[in-house]
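Note that this is a predicted model, so its numbers are computed, not measured.
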Amino acid sequence: MMFAELQLKIQNAKDLDFGTIFSQSIELFKKTWVQGLVTVLLRGVLIVPFILILYIPLIFMMGILGSEAMDSQSLEDGLEAGGVFFIAVFYLLIFIIMFFAMIIALGMHAGFYRICKIKDFNEATGDDYFFFFKKPYLSKTIKVGAATFGIYLLALLLCVFPIFYVMIPVALINVIYAFNPDLSVSNIVKLGFDLGNKKWFITFGLIIVAALLAQIVGALMCFVGVYVTTSFVFLPQYFIYKEVIGFDEKDDIMKIGEE
């Protein structure tokens, strides 16, 4: 769909029913919980190497400060002596890890939404978790991920509170990108904020309730179940997109997937 057409659909969006979307999310979860679990696990596996990199400067710093650095007072003295550099490196690495984590999460979530549509419409297409890490979408995934990272960083610099606002448009950017990857990065981000502003309260409510339910059910399954139920949090956004924008009879993105 063209950008102007998508904007028009958002502007003329009908009122959404909380209960209906929540019920639809539960039904789709029954069909996609396995794929959701795989997505969560793969996302974790891909992010772990970047987290491990964070420990390299820490090990280096411990080596310079010596074994006595394990003592809290010695560590404090060491940081006062030369820790400014290490702290700067440490926080820089955190931002780098967050940057790559955002890109990985975006690509995996977009792939999961594509699978959700396949299961929702009973389409005869295979599950491709890495669809958006392949050509021709890898560069776009990186750019959209960088844009969402920048949005969160800006919200953080504005005294944190704006994060509660931008979390909804960013969550919707994921699903918009999943079904409109050929749009420009700026248009994808703009549509995310357009849809987020239009349906902010119901989206926020659905995400919060879905997250609470996922945590409660996961805890009842001896906490390991949290990995199984985590993907449930992503499903309300899919149905909000489906109800507001909808799908063409045959989306270009699905055609490409079948080629």
Side-chain angles (χ1 to χ4, degrees), residues 1-33 35-36 39-40 105-106 108-123 144 147-148 151-152 155 161-181 183 187-217 229-254:
M1 281 185 262
M2 300 295 291
F3 174 70
E5 182 183 354
L6 294 170
Q7 271 197 318
L8 185 61
K9 287 191 174 187
I10 292 173
Q11 292 169 4
N12 298 326
K14 62 182 180 180
D15 292 335
L16 302 178
D17 184 76
F18 187 102
T20 299
I21 292 178
F22 196 77
S23 298
Q24 290 174 333
S25 298
I26 292 175
E27 291 304 313
L28 185 57
F29 178 74
K30 295 176 184 177
K31 298 180 181 180
T32 62
W33 71 267
Q35 290 77 13
T39 298
V40 171
L106 173 76
M108 296 304 300
H109 293 167
F112 177 64
Y113 283 128
R114 181 175 177 272
I115 293 172
C116 285
K117 182 177 182 294
I118 291 170
K119 300 301 181 184
D120 188 23
F121 289 87
N122 298 313
E123 297 172 349
V144 177
T148 56
I151 291 168
Y152 272 127
F161 181 74
I163 287 179
F164 290 99
Y165 162 68
V166 302
M167 64 179 285
I168 299 305
V170 169
L172 294 169
I173 284 172
N174 289 335
V175 67
I176 287 172
Y177 173 59
F179 301 115
N180 305 277
L183 292 176
N187 284 344
I188 290 171
V189 171
K190 190 172 190 322
L191 287 172
F193 276 87
D194 287 345
L195 183 55
N197 290 332
K198 189 76 173 180
K199 300 298 180 183
W200 195 94
F201 288 102
I202 188 171
T203 306
F204 180 80
L206 284 164
I207 290 176
I208 293 299
V209 173
L212 289 174
L213 181 61
Q215 291 296 317
I216 292 171
V217 175
T229 57
T230 293
S231 63
F232 180 64
V233 181
F234 308 140
L235 298 181
Q237 296 93 290
Y238 167 81
F239 283 104
I240 288 171
Y241 178 91
K242 180 181 177 182
E243 292 297 320
V244 174
I245 297 177
F247 302 104
D248 288 336
E249 255 182 51
K250 198 72 171 177
D251 288 319
D252 291 339
I253 188 68
M254 306 308 291

Inset, instruction - Quick one: do F232 and V217 satisfy side chain to side chain contact (heavy atoms under 4.5 Å, CB included)? Show the steps, please. - result: CA-CA 11 Å; F232 180 64; V217 175; over 6 Å; no
Let me confirm one number: the [atom1]-[atom2] distance from [X] to [Y], rounded to the nearest 0.5 Å.
| X | Y | atom1 | atom2 | result |
| --- | --- | --- | --- | --- |
| L213 | T229 | CG | OG1 | 8.0 Å |
| I176 | L183 | CD1 | CG | 9.0 Å |
| Q7 | N12 | CD | CG | 11.5 Å |
| W33 | S231 | CH2 | OG | 9.5 Å |
| T148 | I188 | OG1 | CD1 | 11.0 Å |

Which residues pass the ring pair (Phe, Tyr, Trp, His ring centres under 6.0 Å) test with [X], sequence neighbours left out?
| X | result |
| --- | --- |
| Y241 | F179, F247 |
| F112 | none |
| Y152 | none |
| F3 | none |

Inset, instruction - Using the test side-chain hydrogen bond (donor to acceptor under 3.5 Å, both in side chains), find all partners of T20 that sit at least two apart in sequence or belong to another chain. - result: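 side-chain hydrogen bond (donor to acceptor under 3.5 Å, both in side chains) check on T20 returns D17.
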Inset, instruction - Could I get the full list of salt bridge (Lys or Arg N to Asp or Glu O under 4.0 Å) partners for K190, not counting sequence neighbours? - result: D194
Inset, instruction - Using salt bridge (Lys or Arg N to Asp or Glu O under 4.0 Å) as the criterion, list what pairs up with K119, not counting sequence neighbours. - result: D127
Legend entry - side-chain contact (heavy atoms from CB on, under 4.5 Å) involving V189 - partner list, sequence neighbours excluded: A147, I151, I173, V185, F193
Shortest non-hydrogen separation from [X] to [Y] and the atoms involved:
| X | Y | answer |
| --- | --- | --- |
| A214 | V233 | CB-CG2, 4.2 Å |
| A178 | Y113 | CB-CB, 3.8 Å |
| I163 | A155 | CG1-CB, 3.6 Å |
| I168 | F164 | CG1-O, 4.5 Å |

Inset, instruction - Evaluate the side chain to side chain contact (heavy atoms under 4.5 Å, CB included) criterion for residues I240 and L206: first the C-alpha distance (whole Å), next the side-chain angles of each, then the deciding distance (0.1 Å), finally the verdict. - result: CA-CA 10 Å; I240 288 171; L206 284 164; 4.0 Å; yes
Legend entry - Residue pairs passing the salt bridge (charged side-chain N to carboxylate O under 4.0 Å, His left out) test where at least one lies in residues 195-214, sequence neighbours excluded: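 For residues 195-214: none.
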Legend entry - Contact list for residues 235-245, test salt bridge (charged side-chain N to carboxylate O under 4.0 Å, His left out), sequence neighbours left out: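 As it turns out, the salt bridge (charged side-chain N to carboxylate O under 4.0 Å, His left out) pairs with a partner in residues 235-245, which skip direct neighbours, are K14-E243, D120-K242.
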Legend entry - Side chain proximity check, T32 to L235, heavy atoms < 4.5 angstrom: yes
Inset, instruction - Inspect the surroundings of CZ in F201 and state if more than 12 heavy atoms from other residues, nucleotides or ligands are less than 6.0 Å away. - result: no
Inset, instruction - Determine which pairs satisfy side-chain hydrogen bond (donor to acceptor under 3.5 Å, both in side chains) with at least one residue from residues 162-178, sequence neighbours left out, and list them in order. - result: T141-Y177, Y165-N197
Inset, instruction - Using the side-chain hydrogen bond (donor to acceptor under 3.5 Å, both in side chains) rule, collect all pairs that involve residues 201-215, keeping only residues at least two apart or in two chains. - result: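 Those involving residues 201-215 do not exist here.
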